[in-house]
Number of protein chains: 2
Amino acid sequence: MTGSRTRQQILLHAARLFGRHGYYGTTTRDIADAVGIRQPSLFYHFSAKHQILAELVDADLRQTMGRLAQAESFDTSWAERFHFFLAASSRDYLTLPYDARGYYSDAIFTEPEFQDQRLEIERFHKRTQQLVSAGVDAGEFLGVDPVFIQRAITGLQFEGMRERETNATAPVSERPLQLSDFILRAVLSDPARLGAVRAATESRLDAVDRG
Amino acid sequence: MTGSRTRQQILLHAARLFGRHGYYGTTTRDIADAVGIRQPSLFYHFSAKHQILAELVDADLRQTMGRLAQAESFDTSWAERFHFFLAASSRDYLTLPYDARGYYSDAIFTEPEFQDQRLEIERFHKRTQQLVSAGVDAGEFLGVDPVFIQRAITGLQFEGMRERETNATAPVSERPLQLSDFILRAVLSDPARLGAVRAATESRLDAVDRG
DNA sequence: GTCTATATTCCGATAGAC
DNA sequence: GTCTATCGGAATATAGAC
């Protein structure tokens, strides 16, 4: 993410405060205090409070959509594609200092100033549902409702974000594979495949890290 | 829930608005407009805005804790107890006109005026984790992290509440068993048991309905 | 780029008439 | 039990000095 050091600090602390107290529960004064500047100084870097959240969501959606494209590009089973996507995009919580994925279902995006984000989130949700549908059609997944699964992912990632922002001792490094294992166990027609699927994801994540 | 008709209308519309826009994103004027009264008239029925949310949470926690006690009282396997609790407490979304379960992880409860609710929610989370741990110790469940499972339930129910409040066409009647099946499939050591476990829950829910 | 000072709007809550 | 009128405080955002 580009911008001056102060600008990055604003994004970092805003993401953490939004995660703890929500968008409306966080004031521009709270953000400024966390950064160590006065409240009006925020408006030199951002034209409005909602621009801060919009930029956080845009950056995260770009990365998450990239993870989806990366997963789809693998020449492998739907189970491995899905598991990799879930683990990799969840793991991005760890490597990014801030993350707004948990807001993907938030009612905040019904506000007119967030229309661009709402439309992009809808596209992302649709593509996630298509990934699940493909696995169902191929017989790899049980006849689950793709909309339910997509909403389950959103709920689990929202809760994961909350856990990171509200619980300093959260064992966050285990969560990405816990989450992807949890969802795959719930949808796989043959749960015995999970061990191999997980191993494939681990080797792909290692490859991504090295290259 | 006791109280005059207007008081019940306030609780109903407040729950829906909190679900759509969050606690801070909902103003007392929004609630009053939905009920069809003027904003100060709210304060004849409730001494403060936070008393509205507190009452919603108290009523829901009473019911949910009752479901947990009911599930624990059954002389059966941990899988059947857990599945019944998840389906029954999720189904309460349908029979109650309003519900605040989705807020159980909300940062709002770190505010001092919600201390009572925070402590009761912590007790509820602990008991849920104990139910999962018992199933793990008995070998019925995989060696999952009870804290992760409890947070997963919270995330899934939060998303379920959001779906009900933001999507008028949501197929909400299927969600309770979808949710309990989803979680049980993810934790059962022997996934083949799910059919029987689900059947047991369905017959228990029928029995509960008949009295 | 950050500051002080302040405009403006909005929110929760109270007072008192009916 | 609901209303009109309004208070006090807090929130976002702007103006202009440094």
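Not measured: the values here are computed from a predicted model. Each chain gets a letter, A, B and so on, in the order its sequence line appears, and its residues count up from 1. Computation of the quantities below employed the complete heavy-atom set of this structure, encompassing side-chain atoms and omitting hydrogens, waters and symmetry-equivalent molecules.
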Check your understanding: Nucleotide range of DNA chain C contacted by chain B, 5' to 3', under 4.0 Å to a heavy atom?
Key -> C:dC11 to C:dT14
Check your understanding: Do A:Phe82 and A:Phe141 make the cut of ring centroids closer than 6.0 angstrom?
Key -> yes
**Study point:** Along DNA chain C (nearest heavy atom to each residue), the more 5'-positioned of A:Ile37 and B:Tyr24
**Key:** A:Ile37
Point to revise | Flag if over 12 foreign heavy atoms under 6.0 Å of CZ, A:Arg127 | key: yes
**Study point:** Any side-chain heavy-atom pair of B:Leu56 and B:Tyr103 under 4.5 Å
**Key:** no
Exercise for review: Using a strict 4.0 Å threshold on nitrogen-to-oxygen distance, state whether A:Glu122 and A:Lys126 make a salt bridge.
Suggested key: no
Review point. How many Å lie between OH on B:Tyr44 and C1' on D:dT4, as a whole number?
Key: 18 Å
**Study point:** Aromatic centroids of B:Phe109 and B:Phe114 separated by under 6.0 Å
**Key:** yes
Practice item. Assess the pair B:Phe148 and A:Phe182: is the distance between their ring centroids shorter than 6.0 Å? Key: yes
Point to revise | Within-4.5 Å side-chain heavy-atom neighbours: A:Gln70 and A:Phe84 | key: yes
Review point. Considering residues at least two apart in sequence or located in another chain, which fulfil the side chain to side chain contact (heavy atoms under 4.5 Å, CB included) criterion with B:Asp30?
Key: B:Leu17, B:Thr26, B:Thr27
Review item, nucleotides 11-13 of chain D N/O atoms under 3.5 Å of protein N/O:
{"residue": "D:dT12", "atom": "OP1", "partner": "A:Thr28", "partner atom": "N", "Å": "3.2"}
{"residue": "D:dT12", "atom": "OP1", "partner": "A:Lys49", "partner atom": "NZ", "Å": "3.2"}
{"residue": "D:dT12", "atom": "OP2", "partner": "A:Thr28", "partner atom": "N", "Å": "2.9"}
{"residue": "D:dT12", "atom": "OP2", "partner": "A:Thr28", "partner atom": "OG1", "Å": "2.6"}
{"residue": "D:dA13", "atom": "OP2", "partner": "A:Lys49", "partner atom": "N", "Å": "2.8"}
{"residue": "D:dA13", "atom": "N7", "partner": "A:Gln39", "partner atom": "NE2", "Å": "3.0"}
{"residue": "D:dA13", "atom": "N6", "partner": "A:Gln39", "partner atom": "OE1", "Å": "3.2"}

